[in-house]
Amino acid sequence: MTEFRTPAQEKSRFRNRVVVAALFILACFALLAMRFYYLQVTRHAYFHTRAEDNRIALLPVVPNRGTITDRNGVVLARNYAAYTLEITPSKAGDLEATIDGLAEVVTIEPRDRRRFRKVLEESRNFESVPIRTRLTDEEVARFTAQRYRFPGVEVQARLFRDYPEGEVASHVIGYIGRINDRDVERIEERGQTANYRGSEYIGKAGLEQSYEAELHGQTGFEQVEVNAGGRAVRRLSRTAAMVGNNLELTLDIELQKIAENAFGNRRGALVAIEPGTGGVLALVSKPTFDPNLFVEGISAQDWKQLNDSPDHPLLNRAIFSAYPPGSTFKPFMALGALTTGKRTPGYVMADPGYFVSGGHRFMDDKVGGHGMVDLHKSIVVSCNTFYYQLANDMGIDGIADFMRPLGFGSRTGIDVPGEAEGVLPSPAWKKKRFRRPEQQRWFGGETISVGIGQGYNAYTPLQLANALATVVSDGKVFRPHLVRHVVDARDNRRVIEPEPLRQLNFKPEHLALVRRAMVDVNKSGTGARAFAGAPYEVGGKTGTAQVFSLKGAKYVEGRVSERLRDHSWFIAYAPADNPKIALAVLVENGGFGAQSAAPIARQVIDYHLLGKRPNQPAGEDADAPESTE
Amino acid sequence: MSDHRFNPLLLLRAVLRPIDPVLMLVLMMLLGYAFVLMASASPDRLDSQLVNTTVALLAMWVAAWLPSQRLLSFALPLYALGVVLLVAVELFGEVSKGAQRWLHVGVTRIQPSELMKIAMPLMLAWYFQQREAKIGLREFIVAGLLLVVPVGLILIQPDLGTSLLVTAAGFYVIFFAGLSWKLIVPVGLVGIIGIGSIVAFGDTLCQPDVDWFGLREYQKQRVCTLLDPTRDPLGKGFHIIQSTIAIGSGGVVGKGWMDGTQTHLAFLPERHTDFIFAVLAEEFGLVGTLVLLVTYLALLARSFQIATQAPTLATKLLGGAMAMIFFTYAFVNMGMVSGILPVVGVPLPFISYGGTALVTLCLGVGILMGIRRGRPAS
């Protein structure tokens with residue numbers, strides 16, 4: 001360094017430094033300019049897309065679910081607004097502390113916490129998650145007063161599903177529940193993923209499940225600008241949601257209630273069908289359950305109680321459980337005999353009280369037999385020997401071929417899920433059913449018991465009711481259905497009631513014979529007691545389904561534990577000349593059909609035709625003749 | 001006779017006398033830009049921006065009135081006051097966001113490091129003036145010590161951004177005073193190699209268990225985030241990612257005033273302060289950013305012109321340093337917002353919201369105006 005410098009030297013040195021600094025500045029600014037050019041011109045398209053992604057979000061607008069009403073407009077499933085307490089985790093801070101604090105203000109049970117944690121795992125941080133649903137007004141007031149303590153916690157009005165009739169018809173209506181992984185798969189398969197964005201619930205059982213597509217509605221979408229926190233700040237466009245369609249049922253909820261009450265505490269099922277239309281008037285499975293328990297996710301305790309109960313309340317006996325039809329099969333056998341020409345209306349046989357086939361003696365209920373028996377009498381007194389002989393003459397394939405078009409052994413196609421096929425036995429069926437060759441062989445003796453509705457054949461109460469409806473509507477086979485109209489938001493009704501699936505050709509005189517015999521069952525036969533004093537003519541047939549066979553030993557009711565008692569069947573239609581209702585009743589372990597099933601049918605028909613309400617459940621008819629089935 | 005009568009024109013001339021029209025024009029362009037951007041980014045702050053601007057312009061005017069020799073006589077007391085206050089911050093300061101930067105004085109609080117940005121170049125310019133005839137190695141060592149003490153105090157607050165700015169402000173005076181290239185070049189090379197190796201070995205150095213000697217964890221994180229913003233996309237990298245999206249999506253002509261989606265949807269953090277450049281780039285595009293660069297260049301060119309024409313060594317050094325300070329603010333801010341420099345808290349000069357920085361910078365402009373007034377008539 002120069003120790004002594006002239007001012008001129010000083011000046012020029014400073015100038016040099018300024019030039020260096022200026023060059024440095026220009027270089028740096030050039031670097032910046034290049035960077036700006038790179039970002040704003042070269043990569044503009046990329047960043048433009050990134051900015052759009054940032055800003056626009058599609059928010060689903062969840063439609064209101066359609067309601068379900070019975071044939072008279074009584075609401076069976078509806079939505080109602082209730083307050084929920086919801087936490088937005090990203091705003092709330094310490095969640096545990098927040099919930100503990102909230103528990104001081106409103107009731108928060110352990111199950112609320114468990115549910116909250118479960119939903120929290122599946123949700124994103126800026127979404128609000130419910131901690132308590134259905135707050136009372138008082139709880140809302142208490143929370144509102146203390147809301148300052150709880151950042152990120154809000155009270156929101158939300159729609160809930162409600163089943164005002166509770167346990168009544170719960171197997172029919174079903175219930176909704178939170179969408180789970182399996183539902184998601186199904187939604188994807190149906191290509192409905194977009195329509196379920198934002199939806200939390202889906203039909204899980206009953207009509208809620210089978211009419212899901214109608215009830216759900218069309219999800220709308222809102223295009224919104226969102227900020228960095230994901231919060232919507234401005235709406236760009238809105239496609240309104242289309243509310244789900246309402247269902248108007250063929251079901252008469254009053255009739256359903258009367259039928260359910262008629263069972264009392266007994267297990268069983270009842271299906272009542274309107275013969276001319278296939279519309280289901282009542283579909284009972286007892287015991288039943290409260291669908292409201294399922295809506296918000298059923299508690300482990302409630303679930304255990306329902307699932308572990310020996311009475312299986314979740315089982316829809318009306319459409320899923322198949323029982324041997326017992327003697328209720330006889331009118332169909334009789335019609336088959338006439339239609340296939342195996343019997344003529346004038347045919348008469350002598351009943352010795354047993355039928356021998358292959359060295360085995362098949363017994364009648366009445367020791368010594370019914371004497372001379374024709375078709376009419378065979379139904380009225382429920383003569384087994386007559387049908388042993390008939391089954392033998394028709395042959396197993398002949399029986400199966402006649403019964404199949406009536407819907408026995410195949411699903412009726414009713415519009416609630418979970419229907420069982422039942423079993424219409426035949427050699428072909430047996431071959432498919434069993435694996436080992438020695439099991440696959442059909443024995444002649446097996447045909448004989450099929451003839452009286454025992455053995456392998458097993459039908460659901462629905463199949464029996466539907467077959468009866470077919471017979472009393474002169475051969476019209478319907479797909480039984482529960483939904484009569486689908487009503488959209490503009491009140492347009494779409495009629496669901498189907499045309500008959502097929503018309504079976506029965507001769508009117510054959511139908512008349514069988515139906516006259518069924519009327520006499522209730523006049524002078526096994527159903528007479530249950531229908532004593534009825535101001536209408538009613539056709540019917542009792543039946544008993546053996547739960548297990550006591551080989552050789554005589555069945556004595558008192559000696560068999562209740563669970564091993566026979567199932568009690570009754571089928572009926574009324575009024576006899578112009579049937580408005582055809583029904584099948586099954587009482588599990590109810591003993592003889594006349595004893596417990598027929599009184600239930602009486603109450604149902606009384607109400608349907610006369611509007612008469614019983615004042616107590618149908619009692620067991622203790623004096624029912626023991627051996628006349 | 002007319003001298004005794006009140007003449008508003010004369011008063012206006014008296015008021016305007018210290019104002020350099022060129023600097024004033026450029027400054028008004030920048031301040032105008034600031035208002036336009038603030039109206040978009042944070043309209044509720046416009047009133048307070050107006051107050052800040054008025055105070056800053058007043059400070060500028062006062063500084064412009066002061067003859068530069070008078071100004072230099074404040075150098076030592078200001079510098080001493082600054083150091084004392086920095087010590088006081090260390091002892092009694094208020095902790096905010098993990099750093100101790102503020103000092104409560106009566107009703108208001110002040111940030112002594114801000115004072116140092118002016119006091120430091122003043123002090124060094126005054127010092128070199130004293131030793132004008134014999135500036136040598138000894139003088140540079142003393143200048144270096146004068147620089148290191150306050151910078152060290154600011155570093156332990158910790159405030160990396162301000163300490164870098166104060167270091168730069170001091171260094172520019174030393175540089176213009178003629179610090180030998182033999183010293184500048186090796187130190188510069190060491191710096192470049194150091195930064196280069198951090199970039200090269202960033203992955204290793206940014207491992208959580210690697211301790212960077214002398215730096216706080218958050219400072220390390222800032223550098224590491226710069227090297228790879230995606231390593232913390234929702235945390236510290238969020239700023240850089242979102243601001244580059246804002247700049248890039250602006251394109252050539254921008255999305256239009258008030259129509260910046262990044263800005264208005266809150267994707268842009270600190271959009272009215274350190275990141276206001278991204279608002280400008282998004283809404284006015286490449287055209288807007290280049291206009292800003294040119295405006296800054298005009299400010300710098302005029303400042304250098306004033307410095308080279310200044311009558312004394314001290315005013316030359318001071319003027320040159322002021323120009324470089326403006327440049328440093330502008331370059332570091334735009335560099336960090338556009339993702340080529342680490343995120344350090346440096347405002348965009350004359351445009352970012354915030355009173356202190358605006359007053360400091362306008363004071364700098366005022367000092368330059370004062371220097372221009374002191375030059376010999378040519």
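Given the structure is predicted, the values throughout are model-derived calculations rather than measurements.
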* Asked: Rounded to the nearest 0.5 Å, how far apart are CG of A/Leu32 and CZ of B/Phe277?
  -> 7.5 Å
* A/Arg35 versus chain B, heavy atoms under 4.5 Å apart: side chain, backbone, both or neither? -> side chain
* Say you draw a straight line from CZ of A/Phe14 to CG of B/Leu317; how long is it, rounded to the nearest 0.5 Å? -> 6.0 Å
* **Derivation and outcome, side-chain contact (heavy atoms from CB on, under 4.5 Å), residues B/Ile245 and A/His48** => CA-CA 7 Å; B/Ile245 291 175; A/His48 181 75; over 6 Å; no
* Asked: Checking heavy atoms, do the side chain of B/Lys255, its backbone, both or neither come under 4.5 Å from chain A?
  -> side chain
* Is the A/Phe24 ring parallel, tilted or perpendicular to the B/Phe327 ring (thresholds 30°, 60°)? -> perpendicular
* To do: Could you tell me which portion of B/Leu292 (side chain, backbone, both or neither) has an atom closer than 4.5 angstrom to a non-hydrogen atom of chain A?
  => neither
* B/Met324 versus chain A, heavy atoms under 4.5 Å apart: side chain, backbone, both or neither? -> side chain
* Toward chain B, the part of A/Val18 with a non-hydrogen atom under 4.5 Å -> both
* Find the distance between NE2 (A/His44) and OG (B/Ser249) and round it off to the nearest 0.5 Å. => 6.5 Å
* For B/Leu313, is it the side chain, the backbone, both, or neither that has a heavy atom closer than 4.5 Å to a heavy atom of chain A? -> side chain
* Calculate, to the nearest 0.5 Å, the distance between atoms CZ and CG belonging to A/Phe36 and B/Leu290 respectively. => 8.0 Å
* **A/Tyr83, OH: over 12 other non-hydrogen atoms inside 6.0 angstrom** => no
* Structure fact -> Note: A/Gln40 and B/Leu286 closest approach over all heavy atoms is OE1-CA, 3.0 Å
* Which portion of B/Ala307 sits near chain A, non-hydrogen atoms under 4.5 angstrom -> both
* **More than 12 heavy atoms from other groups under 6.0 Å of CZ on A/Arg147** => yes
* Do the non-hydrogen side-chain atoms of A/Ile25 and B/Phe331 ever get within less than 4.5 Å of each other? -> no
* Which bit of A/Tyr37 comes within less than 4.5 Å of chain B, counting heavy atoms only: side chain, backbone, both or neither? -> both
* **Crowding at CG, A/Asp181 (>12 non-hydrogen neighbours, <6.0 Å)** => no
* Going from OG1 on B/Thr289 to CG on A/Leu39, what distance comes out if it is rounded to the nearest 0.5 angstrom? -> 9.5 Å
* To do: Give the ring-plane orientation class for A/Phe29 versus B/Tyr296, where under 30° counts as parallel, over 60° as perpendicular and anything between as tilted.
  => perpendicular
* **Separation of B/Trp181 CH2 from A/Arg17 CZ (nearest 0.5 Å)** => 5.0 Å
* Asked: In terms of heavy-atom contacts, does CE of B/Met258 have more than 12 from other residues, nucleotides or ligands at under 6.0 Å?
  -> yes
* chain A contact via B/Ala281 - which portion, at a heavy-atom distance below 4.5 Å -> both
* So with a 6.0 Å cut-off around OH of A/Tyr38, is the heavy-atom count from everything else above 12? -> no
